[in-house]
Amino acid sequence: MTADALWCTAPGQAALRPGQMGEGIHVRTLFSGISRGTERLVLSGQVPDSEQDRMRAPFQEGDFPFPVKYGYAAVGLAGDGALAGRHVFALFPHQTEFRLPQDALIPLPDALPPERAIMAANMETALNILWDSGAGAGDRIAVVGGGLVGLLTASLAARLPGAEVTVIDPLPDRAPIAGDLGCAYAAPDAAPGDRDVVIHTSASQAGLVLALSLAGPQATIAEASWHGAAQVALPLGRAFHSRRLRIVSTQVGSIPPDRTPRWTYRRRLTKALDLLCDARLDALISGQTAFADLPDAYPGILADPATLCHRIAY
């Protein structure tokens with residue numbers, strides 16, 4: 001059996017085509033979320049050959065570069081089995097309905113509206129970034145890049161006791177959002193330096209260069225951006241070595257080694273859903289499009305730097 005799904009068919013082009021339903025509990029999709037950074041690379045065909053296996057979404061169809069059915073933020077209503085009548089989250093592409101085994105579906109907390117739950121995968125990424133950064137209570141933390149993942153990471157960092165968190169982004173309309181999340185805002189040319197931890201999420205060379213300049217002596221710069229096939233040049237001369245700066249990679253595909261004895265992927269994603277039970281995060285939904293209109297709208301949504309989390313309604 002098949003259902004209507006969004007497929008990336010060529011660079012900058014998308015279409016509705018049949019997608020496999022799968023097997024297991026039936027889910028009728030209510031909403032899905034667009035993860036702008038990753039999906040933009042997929043639609044542009046810029047997934048490097050070396051990363052195509054690692055970049056596969058859990059229930060992807062097709063192979064990179066094209067055609068491919070991609071996505072990982074679906075919220076729907078379970079229609080049968082032990083979860084019948086429950087709202088559930090699944091790491092599934094943009095598709096009207098599907099079936100999955102019960103262990104691939106996570107029930108939403110009662111306090112979490114399905115309209116907001118589409119950010120679960122992004123919140124899971126933010127949680128992993130915060131772990132990898134080593135940020136702690138009282139730290140001065142800079143988040144360079146006020147996109148969806150950056151703002152979610154900043155919102156978690158701001159919950160650390162005594163932490164001083166600054167979101168750095170060239171778009172001034174990020175300022176009120178950052179403020180509502182308990183963070184300060186600064187434009188790149190006014191960013192505060194001497195930070196204990198710097199988290200980079202802008203997916204740009206300029207952003208990573210700025211992140212290096214903001215780190216205090218022996219501080220950590222957590223690189224959370226994925227640059228695809230792009231080459232990034234960094235100024236590793238000057239005071240980089242004398243200040244003993246440390247750049248660490250962070251990627252949601254694995255759990256930090258010090259947590260693997262206790263944390264599973266399901267536990268981490270379940271915790272991400274719990275962390276979304278915060279009405280302030282509704283401000284990160286920057287738009288909504290009907291699924292039937294998605295093929296025409298998709299390239300523009302991904303190209304717009306103002307896009308945070310764009311919601312698809314079914």
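Every heavy atom of this structure was used, including side-chain atoms; hydrogens, water molecules and symmetry mates were not. The model shown is predicted, which means the values in this text are computed figures rather than measured ones. Position 1 is the first residue of the sequence, and the numbers go up from there.
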Give a yes-or-no answer on whether the side chains of Asn122 and Ser35 include a donor-acceptor pair shorter than 3.5 Å.
yes

One thing to verify: whether Arg266 and Asp103 come together as a salt bridge, which I'm taking to mean a side-chain N less than 4.0 angstrom from a carboxylate O.
no

Look at Arg99 together with Asp80 and state whether they make a salt bridge at an N to O cut-off of under 4.0 Å.
yes

Checking side-chain polar atoms at under 3.5 Å, does Thr38 have a donor or acceptor matched by the opposite partner on Tyr70?
no

Between the side chains of His227 and Gln46, does any donor sit under 3.5 Å from an acceptor?
no

Side-chain donor-acceptor pair present, Lys69, Gln60, cut-off under 3.5 Å:
no

Answer whether the closest heavy-atom distance between the side chains of Ile285 and Glu115 falls below 4.5 Å.
no

Between Asp63 and Arg56, does any side-chain N to carboxylate O distance fall below 4.0 Å?
yes

For Thr289 and Tyr298, what are the C-alpha separation, side-chain angles and deciding distance, and is it a side chain to side chain donor-acceptor pair (under 3.5 Å)?
CA-CA 9 Å; Thr289 297; Tyr298 194 56; over 6 Å; no

I'd like to know if Asp132 and Arg259 make a salt bridge, using a cut-off of under 4.0 Å between side-chain N and carboxylate O.
no

Apply the test salt bridge (charged side-chain N to carboxylate O under 4.0 Å, His left out) to residues Asp278 and Arg159: give CA-CA distance (whole Å), side-chain angles for both, the deciding distance (0.1 Å), then the verdict.
CA-CA 12 Å; Asp278 182 344; Arg159 303 185 198 187; 3.7 Å; yes

When you check the gap from the basic side-chain N to the acidic O, do Glu124 and Arg268 get nearer than 4.0 Å?
yes

Can you list the steps and then say if Arg246 with Thr220 is a side chain to side chain donor-acceptor pair (under 3.5 Å)?
CA-CA 5 Å; Arg246 189 168 71 106; Thr220 294; 3.1 Å; yes

The single option from Leu127, Thr264, Leu91 that satisfies side-chain contact (heavy atoms from CB on, under 4.5 Å) with Leu269 is Leu91

For His310 and Gln288, test the side chains for any donor-to-acceptor distance below 3.5 angstrom and give the result as yes or no.
no

